[in-house]
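When a ligand or atom number is given, it counts from 1 through the structure's own listing order. Model, not experiment: these values are computed from the prediction.
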Amino acid sequence: MKPIHMAIAAIAALLTTAHSNAQVNYTQASTQFETITLGDAQAVKLRIYDNGAGGKPVKTVQLKKRGNDKNGYPTWDALIKGDLKGKFYTLDVKYGGQYRGECAGLGAKAVGVNGRRGAVIDMKSTDPAGWESDVTPDIAAKDLVLYEMHHRDFSIDASSSLNNKGKFLALAEPRAIAHLKALGVNAVHMLPSFDYASVDESRLEDNKYNWGYDPLNYNVPEGGYSTDPFNPASRISEFKTMVQALHKAGIKVILDVVYNHTFNIDGSNFQRIMPDEFFRKNQDGTYSDGSGCGNETASDRQVMRDYMVESVKYWVEEYHIDGFRFDLMGVHDIETMNAIRAALPPHIYIYGEGWSAGSCAYPHEKLGMKAHINQMPGIAAFSDDIRDALRGPFSDDTKPAFLAGLPGNEESIKMGIVGAIEHPQVDYSKVNYSKEPWTLQPTQMISYVSCHDDMCLVDRLKASIPGITTDELIRLDLLAQTAVFTSQGVPFMLSGEEMLRDKKGVHNSYESPDSINHLNWTNLETYPQVFNYYSRLIALRKNHPAFHMGDAQLVRKHVEFLPSQDALVAFRIKAGAPGETWGDIYVVLNGSKRVRTVNVPEGNYTVVCRNISINEDGIDTTTGGNVAVPAQSALIFHN
Ligand code: CA
């Protein structure tokens, strides 16, 4: 009995996969095109082209209705004999007597320039040599150090000395890898790298910039980051080459995924294949806009949920992706996020923005908000609590906080230090946003002070602390990151902070030119103390398990706060954390402009961080008692 049951289950799973996410299956002898539609679709036209854009179809075929998928949507398909490799295609569905317009369809794995036509390619031929033995680095969630980067920011400036500027391939170059390794980050989180619509791939010489939150084809890499967007295989093979190089260096690859909205409604694959099925609407029939980008997808509907699940699985299987950062996760429903968690292997790290950008046409209590993270085990969210406690509120760039020496943010920082878990010494009634613990485990909280959104740290410090000197700027920058990297949450940094990047005060640089967004690598020589501190801070964290215990019970047992002072937070990580070689570790974060004093038991301590200098082997010693903490900096010592 058992083997038969298993065989049936396997076939059912195959059918589900094939039908929930329409397919193009290529072999040398034939290509099969398949899609789902709404029940009232009258016809599906397939056009075959020689090119990815322009020209007339070389063949036009009507798909045939075959049956229904598991959700009851009609399935259509066509088998074209002969070798179609190198050809392009569009699908066009007729409803109410009218064709809705050509598109690449729901299941395109390869596309032509600008993603308007699907491409028939042999996916196997896009694998770089050795791809079959590519393995994901073995790094547990508690050990991750996330580095958020944009392909163009990272490499575009001449000072990067990278050859493939603004391309996936830049990250495969030894200079790029060496920088990441020296810094010590072990996961790159790449801003949208799927095919997005806002940069014209046929005119890359215009050097147009965009973050890429304008999804067009979810299952295809962006052409603008390839060396040849006209060649459908280029973006795919170069993306894989990048992943392979990072994996070889022990660095995970995390994708920023934006399933919450599409570039537009009418031009989207969703709307052209299945009108209104993928988007949420308000009571009055207008489209809801919880994304703030003109529309909001309906993850709560099975067809969209299946689409998301199949899409992330595809990125893992085809591209060996190690994690996903969900843009506006608060637009998606909890059930879908949990379905995604369940569908992916445990080593895939999942986190997101636990908020939306507008109100959603779905009950708030069912959405993937930060406050609901405790209903989504194995999924993390960004902590705006610690971010804003350090730098000031997102709503006003000129408002300062802890880093400016202001009192009142201590409890929010303590919450960030323990990873937003329940802790007997954290009074959530005094936390800025979250009035109760919102994680089950500390690895469900992303600890950070800056990301691509809003001002980068340098700009924020300048905007919120008028007249700040360069010395003060550096001190506070390093203090902020010390809070981030001594948190039991998962630390996250914006690329370029290690070079003291600025964006000339631009708050929302989503389409600003390279001159605003680029990293200036000469800063590494101008401010060597910044990179030194960042890299030593990261090494300190990685070398000492006490800083990333990864377990709520252990954090409650070992992290003990000293009495807070105005703009000063201090804690001890008690000896005995699993794997920890040091004894008691004391961390003091002093945001004030004055030297402060903390009282600790007398003993023989080694100071490893003081006055913006870090050395794990020891800078100095102290015998405890009343210990002085220099202004605007962190102090770390242990016995
Ligand atoms: Ca594109």
Of Trp315, Trp131, Phe194, the residue whose pairing with Phe239 passes ring-ring contact (aromatic ring centres under 6.0 Å, His included): Trp315
Considering all heavy atoms, the nearest Asp333-Asp300 contact: OD1-N, 3.4 Å
Which N, O or S atom of Glu201 lies nearest to the Ca ion (ligand 1), by name: OE2
N/O/S atom name from Glu222 that is nearest to the position of the Ca ion (ligand 1): OE1
Asp195: its N/O/S atom lying closest to the Ca ion (ligand 1) (atom name): OD1
Heteroatom N/O/S of Tyr196 within less than 3.0 Å of the Ca ion (ligand 1): yes
Salt bridge flag under 4.0 Å for residues Arg117 and Glu102: no
Derivation and outcome, side-chain contact (heavy atoms from CB on, under 4.5 Å), residues Thr262 and Phe279: CA-CA 9 Å; Thr262 54; Phe279 296 101; 3.4 Å; yes
